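Input: a single structure, listed below in structure tokens.
Note on naming: letters A, B, ... go to the chains in the order of the sequence lines (proteins, then strands), and numbering restarts at 1 for each one. Fair warning: this is a prediction, and the values are worked out from it, not measured in the lab.
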Protein chains: 2
Amino acid sequence: MATGRTHRPATRSRGIPEATVARLPLYLRALTALSERSVPTVSSEELAAAAGVNSAKLRKDFSYLGSYGTRGVGYDVEYLVYQISRELGLTQDWPVVIVGIGNLGAALANYGGFASRGFRVAALIDADPAMAGKPVAGISVQHTDELEKIIEDNGVSIGVIATPAGAAQQVCERLVAAGVTSILNFAPTVLSVPDGVDVRKVDLSIELQILAFHEQRKAGEEAAAADGVLPPAAAKQQRKGPDGDVPAVMPA
Amino acid sequence: MATGRTHRPATRSRGIPEATVARLPLYLRALTALSERSVPTVSSEELAAAAGVNSAKLRKDFSYLGSYGTRGVGYDVEYLVYQISRELGLTQDWPVVIVGIGNLGAALANYGGFASRGFRVAALIDADPAMAGKPVAGISVQHTDELEKIIEDNGVSIGVIATPAGAAQQVCERLVAAGVTSILNFAPTVLSVPDGVDVRKVDLSIELQILAFHEQRKAGEEAAAADGVLPPAAAKQQRKGPDGDVPAVMPA
DNA sequence: TTGTGTGAATGCCTTCACAGCT
DNA sequence: AGCTGTGAAGGCATTCACACAA
């Protein structure tokens, strides 16, 4: 994941496993593309390829939704689009507020895929008084003072936090107090929220670090491969550092 | 979450489980904060709370790295910072290119947490000739024509794609051909890459859809709770749609 | 014959609970 | 006495492989 939940234990939601829920948007995107090309039906094999998963997983995923699909034929594209949309709750409109209209907040406000699928930017909110009134993506930025009123007036239940890390927890608390129960957090902080509130986080820095880990590992493998075979023993023989390099000094 | 690998099967990397790798940056961030406050040692309980995980998981994670930590005392903050940094490959410098300098690309370029942890923005690349030469985050944007040269001259192995969806696959192929082996993809597309190349994706739209799913579910629960008890039977009795509402008509 | 739907097997991750250091 | 390190247990998720429907 690039991503993770925070609260709510591993309770399967209405019988649909969390891992499956996380893939439904992927299938939906692939199906939408097929729909636009007026493709009437698709097999699990084809759709899986388009979504970047394997077909067994896709079929198992769909089996949690019900028995859509025709044996020997495949799935009806339009029908599946509708079923998945409904399952994800995209047949209704979700008003969303974005808090923190810096570079990132502006990018999110301008993001097209937003409006396309059931989400509507209800308001842009920033703490800087100088931002108030300025139009971003065609929407006038409002000051943080208005936060509670905006949430309540628009019945907003999903909030996006794109503030600096320092402000995130406080913003989060105000959002929750005003009635928001789902938060997408772009600030590099762990948010603490009461039970019943969902938090998902998107963290550039974490993703890069995970890539760096694998990148480093690739480099190490190359070196080992150049040496010949990688030493089969020599691992797991000494504690304190699984590698050979145990630095005697502490770094600054 | 919100995120996912693409290639490379579930092979545990050098014995460290993928799930653990994904949490190391979280621990590192919490430890860095402690370090800045000059806290000398920390227990698994405290650190876990700061990182938003439970302590058993944290201890198990650390056990894959080695036996750092002192029983009855806890972990030495500075030492752990170093060990995790080394494990993640952050003791070396990773030059990174960002392709696609729109709103999002600019936001990424300006992101501070970038430079702080071993990553260095080597170049900003955009296909728009009008962007070429313009400074973003203190770096002059270069044209896509220069892509291969930039990658090779700087020894870049990590690329960030922040282009529109339509351009992503092509950019990806050029990056890979030029020597990039890790890609962070912000474009809402499934990238296909050769073996040995890691892709992680960050997708706003998917995250929102997952939140919407749970949000919808909360609303449903409330309704059921208001009615009294949720009907225990009535589920799993009829195929074709796990719900009661089987629409006879297909939506547009 | 083709391709879905799904029990069964497998493997990974998390959680438990406690032995063993300091 | 306190807290780490880790076998063992339990729970999810993925994959396999095939019965069954069209």
Where at least one partner belongs to residues 20-31 of chain B, residue pairs that pass salt bridge (Lys or Arg N to Asp or Glu O under 4.0 Å), sequence neighbours excluded
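Every pair satisfying salt bridge (Lys or Arg N to Asp or Glu O under 4.0 Å) with a residue in residues 20-31 of chain B: Asp203(A)-Arg29(B), Arg23(B)-Asp61(B).
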Can you check the [X] [atom1] to [N] [atom2] distance for me, whole Å?
{"X": "Leu58(A)", "N": "dT14(D)", "atom1": "CG", "atom2": "P", "answer": "12 Å"}
{"X": "Tyr75(B)", "N": "dG2(D)", "atom1": "OH", "atom2": "P", "answer": "18 Å"}
{"X": "Leu80(B)", "N": "dT4(D)", "atom1": "CG", "atom2": "P", "answer": "11 Å"}
{"X": "Leu65(B)", "N": "dT6(D)", "atom1": "CG", "atom2": "P", "answer": "11 Å"}
{"X": "Tyr64(B)", "N": "dG5(D)", "atom1": "OH", "atom2": "C1'", "answer": "12 Å"}
{"X": "Ile16(B)", "N": "dC13(C)", "atom1": "CD1", "atom2": "C1'", "answer": "15 Å"}
{"X": "Glu18(B)", "N": "dT14(C)", "atom1": "CD", "atom2": "P", "answer": "11 Å"}
{"X": "Phe62(A)", "N": "dG3(C)", "atom1": "CZ", "atom2": "P", "answer": "16 Å"}

Of all the nucleotides listed (dT4(D), dT6(C), dC13(C)), which has the minimum atom distance to the side chain of Ser44(B)?
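Given the options dT4(D), dT6(C), dC13(C), the side chain of Ser44(B) is closest to dT4(D).
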Per Ala19(B) side chain, nearest of listed nucleotides dG5(D), dT14(C), dT4(D)
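The answer is dT14(C).
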List in chain and number order the residues that pass side chain to side chain contact (heavy atoms under 4.5 Å, CB included) with Val190(A), two or more places apart in sequence or in another chain; answer none if no residue qualifies.
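In terms of side chain to side chain contact (heavy atoms under 4.5 Å, CB included), with neighbours along the sequence ignored, Val190(A) is linked to no residue.
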Asp93(B): partners by side chain to side chain contact (heavy atoms under 4.5 Å, CB included), with sequence neighbours left out
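Asp93(B): side chain to side chain contact (heavy atoms under 4.5 Å, CB included) contacts with Arg120(B).
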Check: residues 33-42 of chain B side-chain donor-acceptor pairs under 3.5 Å, at least two apart:
unit_1, atom_1, unit_2, atom_2, d
Ser35(B), OG, Glu78(B), OE2, 2.6

Looking only at the aromatic ring of each residue, does the gap between the centers of Tyr75(B) and Tyr68(B) stay below 6.0 angstrom?
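Centroid distance Tyr68(B)-Tyr75(B): not below 6.0 Å, so no.
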Contact state string [nucleotides 15-22 of chain D, B base, S sugar-phosphate only, - no protein heavy atom under 4.0 Å]:
B-B-BBBS
I need the full list of ring-ring contact (aromatic ring centres under 6.0 Å, His included) pairs touching residues 16-37 of chain B, with sequence neighbours left out, sorted by first then second residue.
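Listed once each, the pairs are Tyr27(B)-Phe62(B).
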